[in-house]
2 protein chains.
Amino acid sequence: MSEQNSSIRRLIQLNICQPSDISEAKAEAERLAAPEFVAKLRQAERLFGAVGDANRMKILLLLSKKEKCVCELESALGMPQPTVSHHLGVLEQANLVKRSKRGRWAFYALTDSPVLDLLRRLT
Amino acid sequence: MSEQNSSIRRLIQLNICQPSDISEAKAEAERLAAPEFVAKLRQAERLFGAVGDANRMKILLLLSKKEKCVCELESALGMPQPTVSHHLGVLEQANLVKRSKRGRWAFYALTDSPVLDLLRRLT
DNA sequence: ATCATAGATTGATATACATCGATATGTAGA
DNA sequence: TCTACATATCGATGTATATCAATCTATGAT
């Protein structure tokens with residue numbers, strides 16, 4: 001609340017920013033560091049981290065038209081099954097896809113996350 | 001176009017999916033692998049990768065009210081200056097913030113990216 | 001019950017990335 | 001020009017994550 005470094009004292013002296021700016025930022029930072037908020041950030045990290053990979057984006061876009069099983073994705077993307085499975089796991093943890101097992105097959109379908117709308121806008 | 005693995009042949013035989021599904025997925029996958037699209041994916045990776053970090057999200061949220069210089073962020077977040085500078089660099093590369101140098105200070109302000117709207121929705 | 005098979009998990013390896021001390025760069029004031 | 005200083009960059013280190021061969025699990029078919 002009080003320990004300001006010299007740079008900031010100078011910022012205030014030179015009227016580049018107001019003391020209120022500094023204390024407001026400190027207060028906001030405290031809010032961002034609260035355990036409750038940290039949990040939200042972790043979830044957002046998982047979400048953004050999950051889409052932030054080209055191969056997973058490809059998977060999401062492939063699932064846009066219709067749900068698919070692992071072997072379909074494996075074949076379409078030309079990547080080994082464990083790799084596909086791994087990425088699907090990450091996407092599932094982030095709640096971007098949901099799995100439904102039917103017989104031997106595991107079908108993955110998109111959930112309706114706002115992140116997916118954004119992904120489509122961006123690509 | 002033709003080399004289907006046995007799993008897929010069985011999927012079709014059992015009428016779990018149509019051959020057209022497979023060829024459509026292949027076509028879509030080819031589109032996703034095109035150099036032009038790969039560039040888009042790389043840019044999206046940079047963007048999602050940039051927001052997909054708790055510290056950088058904190059920075060973005062702190063900048064929401066008003067642009068700030070490095071030392072303000074350093075003080076508010078209690079992290080060393082090179083770390084803050086590094087994160088701001090990542091955010092700048094992703095076009096999420098823009099830098100304006102004023103005297104000795106470097107002020108960073110948010111751009112108006114749709115990702116930021118999403119971040120606010122999620123937190 | 002046994003076998004074949006779709007997919008998950010494991011484990012090893014490589015690569016990417018966060019962190020942050022040390023140092024370089026550029027700017028302002030004297 | 002010299003000094004102080006805000007920020008950027010470098011470099012070393014630790015940690016996380018992608019990839020994929022090998023293996024395990026679970027399910028359906030015979």
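On a predicted model such as this, the values are computed, not experimentally measured, just so you know. Throughout, a chain's letter reflects where its sequence line sits, starting with A, and its residues are numbered from 1.
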B:Arg9 CZ to C:dA6 C1': how many Å, rounded? 15 Å
Look at all strands and tell whether A:Thr83 reaches a base, only sugar-phosphate, or nothing, counting heavy atoms closer than 4.0 Å. base
Rounding to a whole Å, what distance do you find between B:Arg46:CZ and C:dC17:C1'? 15 Å
Side chains of A:Lys66 and B:Glu24: closer than 4.5 Å at any heavy-atom pair? no
Side-chain heavy-atom pair A:Ser100, A:Tyr108 within 4.5 angstrom cut-off: no
Would you indicate whether the side-chain heavy atoms of B:Lys58 and A:Leu41 approach each other to under 4.5 Å? yes
Closest to the side chain of A:Trp105, out of D:dA8, C:dG29, C:dA6, is C:dA6
Under 4.0 angstrom between A:Arg99 side-chain N/O and C:dA8 OP1 or OP2: yes
Starting at CG of A:Leu77 and ending at P of D:dA18, how long is that distance when rounded to a whole Å? 15 Å
Looking only at side-chain atoms of B:Arg56, point me to the closest of D:dA29, C:dG7, C:dA18. C:dA18
Figure out the NZ/P separation between B:Lys101 and C:dT25, and round it to whole Å. 13 Å
Let me know, please, whether A:Val84 or B:Arg104 comes out on the 5' side of the other along DNA chain C by nearest nucleotide. A:Val84
To the nearest Å, give me how far apart CZ (B:Arg10) and C1' (D:dA29) are. 10 Å
Mapping B:Gly49 and A:Leu14 onto DNA chain C by nearest heavy atom, which one lands closer to the 5' end? B:Gly49
Go nucleotide by nucleotide along DNA chain D from the 5' end; which of A:Ser7 and A:Gly103 gets its closest nucleotide reached first? A:Ser7
Side chain of A:Ser85 only, please: which of C:dA8, C:dT5, C:dA28 is the nearest? C:dA8
Exceeds 12 heavy-atom contacts within 6.0 angstrom, atom CZ of B:Arg102: yes
When rounded to whole Å, the CG to C1' distance for the pair A:Leu11 and D:dT7 reads 13 Å
At under 4.0 Å between heavy atoms, what does A:Arg102 touch on the DNA or RNA strands: base, sugar-phosphate, or nothing? nothing
Length of the CD-P vector between A:Glu45 and C:dC17, whole Å: 15 Å
Could you tell me if the side chain of B:Val90 sits less than 4.5 Å from the side chain of B:Arg56, heavy atoms only? yes
Could you tell me how far apart B:Leu91 (CG) and C:dC17 (C1') are, to the nearest whole angstrom? 14 Å
Just to confirm, is there a sub-4.0 Å distance from OP1 or OP2 of D:dT7 to any side-chain nitrogen or oxygen of B:His86? no
Near B:Gln43 CD, under 6.0 Å, is it more than 12 heavy atoms from other residues, nucleotides or ligands? yes
Checking only heavy atoms, does the side chain of B:Gln81 share a donor-acceptor pair with the base of D:dA8 at less than 3.5 Å? yes
Scan B:Phe107 against the nucleic acid and name what it touches under 4.0 Å (heavy atoms): base, sugar-phosphate only, or nothing. nothing
Is the shortest side-chain N/O distance from A:Tyr108 to OP1 or OP2 of C:dA6 below 4.0 Å? no
Listed nucleotide nearest any side-chain atom of A:His87, set C:dT27, D:dT7, D:dT19: D:dT19
Closest to the A:Pro82 side chain, choosing from D:dC20, D:dA29, C:dG7: D:dC20
